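Please read the structure below before turning to the comments.
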Amino acid sequence: MTDKLVLKALKCSNCGADVQFLPGLDVSVCGYCGSNFERASEAREVSVEAPDLLAPFRVNNDTFLKAIRGWLSEGAFTPDDVLTAEIETKGTYLPFYAWSGEYKADWFASSGYDRQEEYIEMQGDKLVKKHRTVTDWRPSNGVINGRYLIYTLASDSVDPELTAFCEEVPASSAVSFKTEQLAGFTLEPFDKDSSEFAGRVEDEIERIAASVARPRIPGDRWKDLNCSTTIVSQDCVRVYLPFWLTTFLYGGQPFRCVVDGCNAARIKGTRPVDPDRINRARRMMLPGKLALIGAGVSLVLLPMLGMQFLAGAHKWIVLGLLGASMVFGIAGSIARSVMLARSKKLRQRLLAEMNSK
Ligand SMILES: [Zn+2]
């Protein structure tokens with residue numbers, strides 16, 4: 001547990017991210033901002049505490065590239081040449097605290113039981129028998145003894161919106177740590193202390209307890225759930241979990257995404273969009289929308305100018321515009337889907353070509 005690891009460390013001069021790695025690895029690009037590091041020889045030596053556990057990479061570089069390209073080529077408005085973006089990155093172990101243990105929760109709630117009630121109502125000059133549903137509320141309570149496993153990311157280099165994705169780690173992927181497992185990958189240092197997360201972990205355990213309690217509440221409906229949660233036991237270990245972090249430049253703008261190093265189907269990030277195609281799609285739908293607005297305006301405005309409401313010429317103008325909006329609308333959405341399908345097909349063909357290389 002108190003083993004020390006001797007690593008090399010680099011700090012990105014562009015975004016400030018820290019990167020650590022085993023001596024011998026050539027790290028040239030920052031995984032966070034995509035900028036180039038100065039020569040690797042400038043890396044300093046650091047001694048850090050070894051983690052307790054580590055989940056080894058199951059997604060290798062090829063699988064990662066296939067997954068990220070497949071994901072990139074999806075989306076209705078993704079540029080056709082998106083795959084030309086250079087994707088250069090190394091797998092990174094991100095530092096987490098894994099909090100596990102048992103909790104006990106006493107829950108109290110109001111359970112609602114529905115029943116049918118008969119009542120008499122006057123309708124005109126008759127008395128009518130009717131039914132209505134009434135809910136009787138009774139207190140309910142119970143006890144839960146449960147287990148929890150919560151991961152908190154011990155680094156603040158990752159974007160907040162990607163952090164939540166990284167922390168949703170499937171249980172039981174981490175195994176004991178061996179230094180060889182780090183070979184070829186970079187590491188992100190533990191730059192937050194576990195004590196910083198105490199409050200968040202408590203909130204998370206309460207949330208888990210409430211979600212376990214909810215389906216146990218008897219009755220047809222419930223309200224006022226209150227959980228009093230006690231942490232019975234808690235273990236906190238330092239874990240490295242594997243991720244492919246990448247920042248690629250498209251049109252001079254950086255786009256960030258993360259792929260789970262244990263499961264290539266878990267991807268989160270932002271794709272570039274083609275503003276030109278968005279505008280073209282909008283223009284295709286415009287005539288239908290304008291005709292519909294025209295129909296609405298002439299429905300209200302023309303009678304105010306003296307036309308007889310929905311009779312004679314007014315009726316034909318309104319119906320004509322409605323008909324036109326329908327025809328234009330259908331034509332527009334056909335043109336739009338043809339355009340989007342053509343672009344998607346092109347991207348899929350390019351993807352297949354790229355993958356077969
Ligand atoms: Zn950077």
Side-chain angles (χ1 to χ4, degrees), residues 1-69 85-98 151 153-159 162 166 169 173-192 237-249 254 256-264 266-267 357:
M1 284 236 186
T2 51
D3 283 357
K4 289 281 180 186
L5 279 173
V6 177
L7 302 170
K8 290 274 180 190
L10 277 171
K11 194 175 192 74
C12 174
S13 55
N14 184 43
C15 73
D18 285 304
V19 182
Q20 300 177 337
F21 46 92
L22 281 182
L25 184 69
D26 181 26
V27 177
S28 53
V29 176
C30 170
Y32 291 96
C33 66
S35 67
N36 286 312
F37 281 121
E38 322 262 293
R39 290 200 331 276
S41 58
E42 287 170 27
R44 63 204 152 82
E45 200 166 85
V46 287
S47 166
V48 301
E49 209 178 308
D52 302 300
L53 298 171
L54 174 145
F57 272 88
R58 289 204 209 117
V59 174
N60 63 21
N61 195 49
D62 280 355
T63 319
F64 155 72
L65 279 174
K66 271 190 184 153
I68 196 84
R69 283 181 191 142
E86 202 171 314
I87 301 167
E88 200 181 324
T89 186
K90 281 202 163 65
T92 300
Y93 284 109
L94 291 181
F96 289 83
Y97 293 109
Y151 288 98
L153 182 58
S155 149
D156 46 16
S157 298
V158 181
D159 279 4
L162 297 178
C166 293
V169 185
S173 43
V175 296
S176 62
F177 169 75
K178 285 187 221 79
T179 312
E180 310 86 88
Q181 288 158 326
L182 303 179
F185 301 107
T186 57
L187 298 164
E188 175 75 27
F190 279 82
D191 49 30
K192 286 184 174 180
V237 294
R238 293 151 49 91
V239 189
Y240 277 129
L241 297 175
F243 291 91
W244 292 92
L245 299 170
T246 177
T247 300
F248 59 90
L249 294 173
R256 229 148 266 186
C257 35
V258 181
V259 179
D260 187 333
C262 285
N263 174 7
R266 278 200 356 111
I267 301 179
K357 265 181 203 159

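Quick caveat: nothing in here was measured; it's all calculated off a predicted structure. When reading the values below, keep in mind they use all heavy atoms of this one structure, side chains included, and skip hydrogens, waters and symmetry mates.
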- Do the non-hydrogen side-chain atoms of Leu5 and Leu182 ever get within less than 4.5 Å of each other?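 Yes, at least one pair of side-chain atoms sits under 4.5 Å.
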
- Query: With a 4.5 Å limit on heavy-atom distance, are the side chains of Asp191 and Ser155 in contact?
  - Reply: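 Result yes, sub-4.5 Å side-chain heavy-atom pair found.
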
- Is the centre of the Tyr240 ring less than 6.0 Å from the centre of the Phe190 ring? yes

- Query: Can you list the residues that meet the side chain to side chain donor-acceptor pair (under 3.5 Å) rule with Thr63, with sequence neighbours excluded?
  - Reply: Asn60

Looking only at heavy atoms, what is the nearest atom pair of [X] and [Y], with distance?
| X | Y | value |
| --- | --- | --- |
| Phe177 | Leu54 | CD1-CD1, 3.7 Å |
| Ala43 | Phe21 | CB-CZ, 4.2 Å |
| Val258 | Cys166 | CG1-SG, 4.1 Å |
| Ala67 | Ala264 | CB-O, 3.7 Å |
| Pro189 | Gln20 | CB-NE2, 3.5 Å |
| Phe248 | Cys257 | CE2-SG, 3.8 Å |

- Item | Arg69: partners by salt bridge (charged side-chain N to carboxylate O under 4.0 Å, His left out), with sequence neighbours left out |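 By the salt bridge (charged side-chain N to carboxylate O under 4.0 Å, His left out) rule, Arg69 matches no residue at all.
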
- Is the number of heavy atoms from other residues, nucleotides or ligands under 6.0 Å of Lys192 NZ greater than 12? yes

- Task: Name all residues meeting the side-chain contact (heavy atoms from CB on, under 4.5 Å) criterion together with Val6; count only those two or more places apart in sequence or in a different chain, and write none if there are none.
- Result: Glu45

- Among Thr179, Val48, Thr186, side chain to side chain contact (heavy atoms under 4.5 Å, CB included) partner for Leu7: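 Only match with Leu7 under side chain to side chain contact (heavy atoms under 4.5 Å, CB included): Val48.
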
- Item | Asp260 and Val59: CA distance, side-chain angles, deciding distance, side chain to side chain contact (heavy atoms under 4.5 Å, CB included) verdict | CA-CA 8 Å; Asp260 187 333; Val59 174; over 6 Å; no

Any sub-3.5 Å donor-acceptor pair from [X]'s side-chain atoms to [Y]'s backbone N or O?
| X | Y | value |
| --- | --- | --- |
| Trp244 | Ile68 | no |
| Arg238 | Glu49 | yes |
| Tyr151 | Leu241 | no |

- Note on the structure: dist Arg256:CZ -> Asp159:CG (nearest 0.5 Å) comes out at 5.0 Å

- Task: Starting at CG of Asp18, measure out to CG of Leu187 and round the result to the nearest 0.5 Å.
- Result: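 Between atom CG of Asp18 and atom CG of Leu187 there are 11.5 Å.
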
- Query: Any idea how Phe96 and Phe243 line up, ring-wise: parallel (<30°), tilted (30 to 60°), or perpendicular (>60°)?
  - Reply: tilted

